[in-house]
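A short write-up of the structure that comes next.
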Amino acid sequence: MLTPEEYGKVLMTIGREPNKAELAILEAMWSEHCSYKSSKRWFHLFNIKAPYLFLGIGEGAGLVDIGDGLLIGLGLESHNHPSAISPFDGAATGVGGIIRDILSQGCKPIALLDSIRFGDLDSHHSRNLFENVVRGISFYGNCCGIPTVGGEVEFSTAYESNCLVNVMCVGLIEKEKVVRSIASKPGSFLILYGARTGKDGIHGVSFASKDLSDKSDKDRPAVQIGDPLMEKVVIDATLELVEEGLLDGLQDLGGGGLSCAVSEMTEKGNTGAIIRVEDVPLREKEMESWEILVSESQERMLAVVSPNNVDRVQYILDRFDLLHAIIGEVTDNSHFITYYNGNKVSDLPVDLVVNGCPEPERKSVKPDYIGKNSKINLPLSENISSEISKLLTSPNIGDKSWVYQQYDQHVQTQTVKGAGSDAAVIRLDNGKHIALSLDCNSFMVYIDPFNGTANSAAEVMRNLITMGATPYALVDCLNYGNPEQPDSYWQFVESVKGLGQFSHDFQIPIIGGNVSFYNESVHNEKRERINPTPTIGMLGIIENESLLLQNSFQKTGNHIIVIGSTEGLLGGSEYLRYNHGIVTGPIPKYDFKKENNSIEAIINLNKINLIESCHDISNGGLVVSSIEMTFQNKLGVKLTTSSIPSKTKLSMEEYLFTESPARYLIEVSSENLCETEKVLQELKTDYGIVGIVTEKTRIEINDSISLCIQELYDNWRNAIPKFMEE
Amino acid sequence: MKIGITKFPGTNNEQDVTRVLNCLNVENELLYPRDYRKLKDFDALILAGGFSYGDYLRAGVVAARTSLIDELHDFIISEKFVLGICNGFQMLCEANYLPGVLTTNTSTRFISKWVNIKVNKTNSPLLKGLESKVLRIPIAHYEGNYYNTEASIKQLKDNSQIAFQYCNEKKVVESMSNPNGSIANIAGIVNDKGNVLGMMPHPERSSFHYLGSIDGRSIFENLIEELKC
């Protein structure tokens, strides 16, 4: 529904009452999901520049130049509301949508990553959503022949009623073959190809632009149904059309359907279009014109084709047995006009449809809980050994192979490091490698949206650094509550500021993204809101193979060094949350200089091959990071906490469990220790030689703790299966 | 010498197989179902994996009813080599060129992971020199659970037609190493003549050092070697 203000704007602009079809178009295009009306006023805070940027925010994929005439495309999108109502189809079509976004620029999709969040696993509802979201992703992504190589899974009561499904797709294309989502030449034909248009997904964007409730189940028809076979054929055919250079413009039909694709492409090209609705191939009879215009049926693409290429395009589509139809032409009158059998159905100025939505006033008020971050009185526990054991049973820390073994990780035969590594590593045919990570620390963001978001982005970056990569570009998926609620909007604004700060500090361009509001719901008159969750997907480049790093201890007797000084703040840590049920307490502040110094240290040491293995210190703190490093090669570790670099002396719990940022664990051989220290001293890096890799498969800390790695491994390994395997 | 690689709507491994064959410098070409008349131009055929026709009805069953797979009958009779990988193995079973069926994994979930398979002694030249070796190789399937009657399994054993069995790192075939519930841990079989090999694991995904294993490459090398003869 348009607001009175929005309706007034329409009346004033077109000078008459809009008809039913026009209202449907405007309602879709002016929804929060399509118009970014509550969010785009803040995007100026983002760094969107880089010398190697090829195409920034605004089309299906952001594109960066990685040399050798190649571009990498990135896209990241949410499918939260549909997945909450219909987890299998919602997640499946979430995958499908982002693949077609990447395809819209002509890119070959080469990798998928998923960030998914649910309520705690002891809830039947959450287990059901989790099981079926993973099945949906598996069903769709696997069939499309794109490896799913990474992502994250997080469980918290904050997501019990509003699960999050964010999907990232990565594409590859030669620079001269890029296709833009623009209709710039009047007289070009608009060819719709792929699946037929049906009644599914009607008003999907409007459904995604309001809170969920007990009555949301009736919105099930707003959820689309996916057909991955059709998607695969659409991908194959599109890549052939791109290869032959036959397309002047291309956009997928996503949120807002045909209306969105036509109006956005013509707006960018300063053109207009006429559409003959009766020529759209339909799945079911008796669809009204307005339904056809806003249907969000999946697996459809709209191509702009010059008259002399039409025959060839049709020939190729026929060869793939793909349905196609010329449904209209590009015009020069700046109006988006539709006809049904010669009768005008709608006539709106393109500029009004795409840019006309008035920005609503949004109040931002700091929530009550902020600043009430009470001090944590340590120690919370005297038995550190049992705390460590318990922490490894947390599904947020435990092994995620139950999830990623359901995803085809190896198709396309370029996956050098898949899920389970700090970041995925994909080989390109030119010998370079790219690293990919998708992550968010929602607990830190909840406690302190500004610092939490910046730290969270830095954590994604650390995941790339530990693979030997240099950060190159990022995309975001900003998941928040209702923007009309001032405290929720405050979380969003602070968070965007944090991300903006990070992107400028590190000179990493933000090349695309998506905002998902209204992730809150009222159940039994109780309002539930997700933690503010700015999911960040980042691309890194590994210039040559020798820079690729291991994440596991390699050899007995090697030294273990902590890079970056440790702050004792436990706020937002998994230790407080999982072991003690506390999601409060001050979090470590974002510190660019410190973060950057640690990165410099790793990059410089790696350049001269001094690092045997490397892992970032994040979820679970130093103790979990070092235990994780022992698993693969069945080794042990001996640590001394007094050697951990920190400004002040900390307690045992702080040393072991804080997730304070800018820290890494590296493994260095005895012969390289001296040179390593020299490099670290020259860089003025805070570091400490905290232990050694042992043959005995135990973790020993000081002289007080000694735990069997196998038992910890079993805890870690079963953290998720114990809920999911009956 | 030219090897054909099938490309059905929905299959997605043909480019990966092409990559291996190109690397081994052997001429190859994609063969689409409507081009079935071209089949006779090839010296061997690889049925690449993926999700032919979406695997919507049952894995491989729709592809098995195409003219291309029908034409395979004479191709196989003439003792040309056919290698079916994953979805390709499913097609060969659905078309009765290999015995048995591939049904849903016991977990009822898709499984993508690295496994070990033991190579048994068979009369197939495609496995020459690999007997009793362990290959480290990825699987990726939803319907890879091999089933056949007890009598048929005995016959396969007696005829030395069980090509691969899931095993542990120490070459022991045991239930813990069985990822999908296959009878007798069967991961791949050959026909009685040894010119048709079907396997669920993906040799093309373990043919390059950067992928962590080149154990699968020998199968392609053996094929090329045989064609040279």
Side-chain angles (χ1 to χ4, degrees), chain A residues 108-110 131 134-135 137-149 226-237 239 318-322 401-420 425-429 431 433 545 548 721 724-726, chain B residues 7-20 22-23 30 32-35 48-57 59 62 85-87 105-115 137-142 179-180 201-213 216-217:
Chain A
K108 177 190 178 192
I110 59 168
E131 169 86 47
V134 172
R135 267 180 198 275
I137 293 170
S138 164
F139 165 73
Y140 206 102
N142 295 352
C143 189
C144 289
I146 305 164
T148 298
V149 295
D227 176 357
L229 169 62
M230 178 63 83
E231 181 98 341
K232 174 63 178 154
V233 179
V234 165
I235 294 170
D236 289 346
L239 292 178
D318 282 337
R319 223 160 36 78
F320 281 93
D321 290 326
L322 270 183
S401 62
W402 185 89
V403 178
Y404 62 73
Q405 284 188 352
Q406 297 187 51
Y407 305 150
D408 189 341
Q409 307 152 55
H410 306 114
V411 65
Q412 298 194 17
T413 54
Q414 299 282 49
T415 309
V416 173
K417 297 274 178 186
V425 176
I426 302 282
R427 177 186 176 273
L428 304 177
D429 282 329
H433 293 72
E545 224 169 326
L548 193 56
M724 304 308 292
E725 305 287 338
E726 250 69 288
Chain B
K7 163 69 185 160
F8 290 91
T11 57
N12 53 36
N13 296 170
E14 56 282 341
Q15 298 296 344
D16 302 345
V17 174
T18 302
R19 188 192 294 276
V20 179
N22 287 345
C23 176
L30 293 186
Y32 295 82
R34 69 174 58 182
D35 299 331
F51 295 75
S52 56
Y53 302 96
D55 278 357
Y56 282 168
L57 192 54
V62 180
I85 302 167
C86 197
N87 201 213
N105 300 339
T106 41
S107 67
T108 73
R109 297 191 182 98
F110 191 94
I111 303 171
S112 163
K113 66 175 192 181
W114 286 88
V115 297
I137 192 167
I139 54 167
H141 55 246
Y142 184 78
N180 52 25
H202 287 273
E204 79 281 10
R205 298 183 184 188
S206 52
S207 288
F208 297 99
H209 284 290
Y210 60 80
L211 296 174
S213 165
R217 190 190 274 203

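A note on names: the letters A, B, ... follow the listed sequences, proteins ahead of strands, and every chain is numbered from 1. Computed over heavy atoms, backbone and side chain alike; hydrogens, waters and symmetry mates excluded.
- Minimum interatomic distance between B:Arg34 and A:Asp318 (heavy atoms only, all atoms of both residues): NH2-O, 4.1 Å.
- When the candidates A:Glu231, A:Arg319, A:Lys417 are compared by the number of heavy-atom contacts under 4.5 Å with chain B, A:Arg319 comes out ahead.
- Side-chain contact between B:Arg109 and A:Arg135 is present, with heavy atoms from C-beta onward closer than 4.5 Å.
- Contacts between B:Phe208 and chain A at a heavy-atom distance below 4.5 Å are absent for every atom of the residue.
- Here the closest heavy-atom approach between residue A:Cys143 and residue B:Gly54 is recorded as SG-CA, 4.2 Å.
- With a 4.5 Å cut-off on non-hydrogen atoms, B:Asn13 touches chain A through its side chain but not through its backbone.
- When each of A:Met230, A:Gln414, A:Glu545 is scored by its heavy-atom pairs under 4.5 Å with chain B, the top score falls to A:Gln414.
- At a 4.5 Å heavy-atom cutoff, the contact between B:Thr11 and chain A is made by backbone atoms alone.
- Within the 4.5 angstrom heavy-atom criterion, atoms from both the backbone and the side chain of A:Val411 approach chain B.
- Counting only distance, with no hydrogens or angles, the side chain of A:Gln409 and the backbone of B:Ser112 share a donor-acceptor pair below 3.5 Å.
- Neither the backbone nor the side chain of B:Tyr32 comes within contact range of chain A; no heavy atom of the residue lies under 4.5 Å from a heavy atom of that chain.
- In terms of heavy atoms, A:His410 sits closest to B:Pro138 at ND1-CB, 3.8 Å.
- The candidate from B:Ile139, B:Asp55, B:Thr108 with the greatest count of non-hydrogen atom pairs under 4.5 Å with chain A is B:Thr108.
- A:Asp236 places no side-chain N or O within 3.5 Å of a backbone atom of B:Asn12 that could act as its donor or acceptor partner.
- Under the side chain to side chain donor-acceptor pair (under 3.5 Å) test applied with A:Thr413, the options B:Glu204, B:Arg19, B:Arg205, B:His202 reduce to a single match, B:Arg19.
- Remark: B:Ile111 CD1 to A:Gln406 CD distance equals 9.0 Å, nearest 0.5 Å.
- Nearest approach of A:Leu229 to B:Gly10, heavy atoms of both residues: CD1-CA, 3.6 Å.
- By number of non-hydrogen pairs under 4.5 angstrom with chain B, the leading residue of A:Ile235, A:Val416, A:Val425 is A:Val416.
- For B:Thr18, no part lies near chain A; criterion is any non-hydrogen pair under 4.5 Å.
- Here the OG atom belonging to B:Ser107 is positioned 12.5 Å from the CE atom belonging to A:Met724, to the nearest 0.5 angstrom.
- In terms of non-hydrogen atom pairs under 4.5 Å with chain A, the most contact-rich of B:Phe110, B:Tyr56, B:Tyr142, B:Trp114 is B:Phe110.
- Of the atoms belonging to A:Asp429, it is side-chain heavy atoms, and not backbone ones, that fall under 4.5 Å from chain B.
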